[in-house]
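Heads up: the structure comes next, in structure tokens.
Hydrogens, waters and symmetry mates are skipped; everything else that's a heavy atom, side chains included, is used. Just so it is clear: chains get the letters A, B, ... in the order the sequence lines come, proteins before strands, and each one is counted from 1.
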Amino acid sequence: MQPLPLAFSQINGRSISQLLSKRPPISQIKQIHAQIITQSLASSRLFLIDSLILCYLHSKNLNSARILFDECRPSPPPPTLLWNLMIRAYSKLQYSSEPINLFRRMIAAQGKPDKYTFTFVITSCARQASVVCGQVIHGMAVKSGTLLNLYVDNSLISMYAAFARVDDAYGVFDEMSDQSVFSWTSLVSAYAKNGDMRRAVEVFAKMPARNDVSWTVLISGFVRCGRHTEALRYFHGMFCECKPNEAVLVCALSACANLGSLDQGKWIHSYVDSNCTLESSNIMTALIDMYAKCGSIDCAYRVFDKIPRRDVQNYTSMISGLSIHGLGEEAIRLFQQMLAEKLRPNDITIVGVLNGCSHSGLVQQGSSIFYSMENLWGIVPKIEHYGCYVDLLGRAGYLAKAFGIAKSMPINGDVIVWRALLSACRIHCNVGFAERIINYLEQLDCRSRSGINVLLSNLYASLGKWDKVSLVRKIMGKRNSSRDIGCSWIEVNGAVHEFRVADVLHPQIYEIQEKLSEILKRVVLVGYAADATHVSFDLSEEDREQAVALHSEKLAIAFGLMNTVPGTSIRIMKNLRTCEDCHTLLKAISKVYDREIIVRDRSRFHTFKEGKCSCKDYW
DNA sequence: GCTTGATCGA
């Protein structure tokens with residue numbers, strides 16, 4: 001402990017005040033605090049208490065500051081500065097309602113909030129997700145006349161942006177006499193968070209000046225609403241104006257991961273290697289995720305291995321990556337290594353590791369993690385965990401047990417869990433059980449059933465029950481759930497080509513269909529058994545559309561074979577589960593054309609080589 | 001003496 005640089009005889013109000021003004025270390029603050037109490041200096045010199053509170057706040061001892069503030073500062077009311085700093089300290093904590101509580105107390109105690117108070121408390125409202133509070137405080141700011149302050153106005157725009165209240169955000173922006181780059185950026189953010197990218201781009205284009213954060217807001221907006229190609233286009237556009245920062249690199253890597261755009265992802269990796277001096281854990285996490293999702297689990301591992309001090313995020317990304325590659329044992333090994341390093345898993349880590357268990361059939365290990373997650377790490381199972389666990393049981397064939405778990409969930413079930421269960425029915429070709437579940441759901445009146453209908457339709461299709469398929473599709477049409485219908489895409493020479501349902505939009509669609517016919521003829525020659533779900537161009541118009549709609553990856557693979565050379569792998573991405581027929585077809589193609597084909601669907605990777613598929617657990 | 005905008009993993 002550092003002793004006080006004062007002799008006992010020198011201790012008085014003035015010397016202590018001087019000491020406190022130098023922001024001493026916490027050990028000295030405590031000694032001074034003790035002296036103030038023992039020498040009864042507090043009652044006559046209230047300013048000493050105020051400086052003491054400031055010192056505690058400065059040394060991040062919020063609790064000590066709060067005790068002093070509550071017990072020694074009831075009257076006369078504390079100065080505005082003290083209220084502000086207390087509010088600010090709490091606003092740094094996540095999910096704390098204290099800033100607003102303190103603000104209420106301040107008003108009750110006749111305190112005079114100023115521009116700083118409003119800035120802190122409005123920012124807290126945004127973080128706390130309390131739009132009503134925000135509106136009330138907005139009103140108070142108008143009344144008090146502080147609204148004409150740039151910082152207060154900006155924090156208001158940002159608050160309305162956080163709630164995607166674009167009209168309110170624009171209202172504040174429009175009333176301002178002078179907008180800064182912060183004001184403009186917050187307005188772009190408001191549109192982006194509201195999913196209105198057209199307006200976001202419009203505002204962005206009008207900005208008198210932009211910086212890296214402005215670009216980040218726009219690009220992250222595109223990533224959030226799944227428009228990854230545009231996100232990457234703007235990311236490249238950013239380079240002529242400013243240097244990309246950590247946040248935008250993370251966003252761009254996420255876009256690459258979602259697109260399966262390995263070439264662009266590698267490019268960003270080399271950019272990071274040569275331009276970023278500081279190791280950023282977030283970027284490492286994003287790189288691992290990108291490589292894993294683009295099919296290069298080895299590269300993901302290499303990035304992970306090079307991180308000197310790994311955190312939970314790094315581990316989580318790596319564990320999730322191994323899981324989607326079907327490397328469940330390895331995921332569990334890494335999870336145990338992480339625990340041995342005294343790192344505490346979060347809810348997403350658990351999702352990753354449970355996923356790994358379910359793809360590798362590790363029922364025992366998965367069950368043990370699921371049932372002990374709350375006790376061991378204080379993680380209350382969320383809907384996602386139930387989804388993983390139901391998936392794990394279902395894939396392993398314990399359909400009834402899985403159904404029981406799904407029904408007994410303490411939280412309201414949703415589409416993720418039921419989808420996992422229906423998916424299991426599909427794996428085990430158990431239509432009867434699936435229909436039982438659907439009947440159960442009909443009674444519950446599930447609102448978000450679009451994903452379920454797609455699965456049910458695919459389930460019927462894989463069994464050739466076309467009358468039922470068209471019935472479900474009709475219901476889907478009525479409920480407007482068509483946006484969940486599958487699409488596949490492929491990266492060729494750095495450009496991503498997308499194939500949607502019954503696609504006729506691709507400029508080369510006729511060549512692609514020709515190629516597909518040729519492929520089908522060749523694989524049939526080596527014994528590939530055709531079934532009813534084939535893309536056969538001899539079918540009627542309607543049937544053909546139906547068949548193509550179910551197998552967009554067939555178009556992607558044909559395009560891939562047209563545009564890549566033998567000896568290279570073909571990587572196809574799909575936003576839904578790959579179907580049984582495609583599995584058989586891709587095995588045949590990998591043999592006939594002697595190519596490695598990697599398909600990533602919503603749940604995992606499937607590698608086809610020499611007529612075999614890496615997924616043993618699939619069908 | 002104190003202020004404002006952005007990031008990922010299922």
Hey, are A:Lys206 and A:Glu202 close enough for a salt bridge, meaning a charged N less than 4.0 Å from a carboxylate O? no
Within the supplied structure, the quantity of interest is the number of heavy atoms (other residues, nucleotides, ligands) at a distance under 6.0 Å from A:Glu175 CD; does it exceed 12? no
More than 12 heavy atoms from other groups under 6.0 Å of OH on A:Tyr170: no
If the sugar-phosphate is the primed atoms plus P, OP1 and OP2 and the base is the rest, what is the B/S/- string for nucleotides 3-10 of chain B, using protein heavy atoms under 4.0 Å? BBBBBSBB
Quiz item: cation-pi between A:Arg88 and A:Tyr116, 6.0 Å / 45°: no
Determine the contact category for A:Leu187: base if any of its heavy atoms lies under 4.0 Å from a base atom, sugar-phosphate if only primed atoms, P, OP1 or OP2 are that close, otherwise nothing. nothing
Polar side chain donor-acceptor pair, A:Asp289 to A:Ser317, under 3.5 angstrom: no
I need the CE-C1' distance between A:Met106 and B:dC2, as an integer number of Å. 12 Å
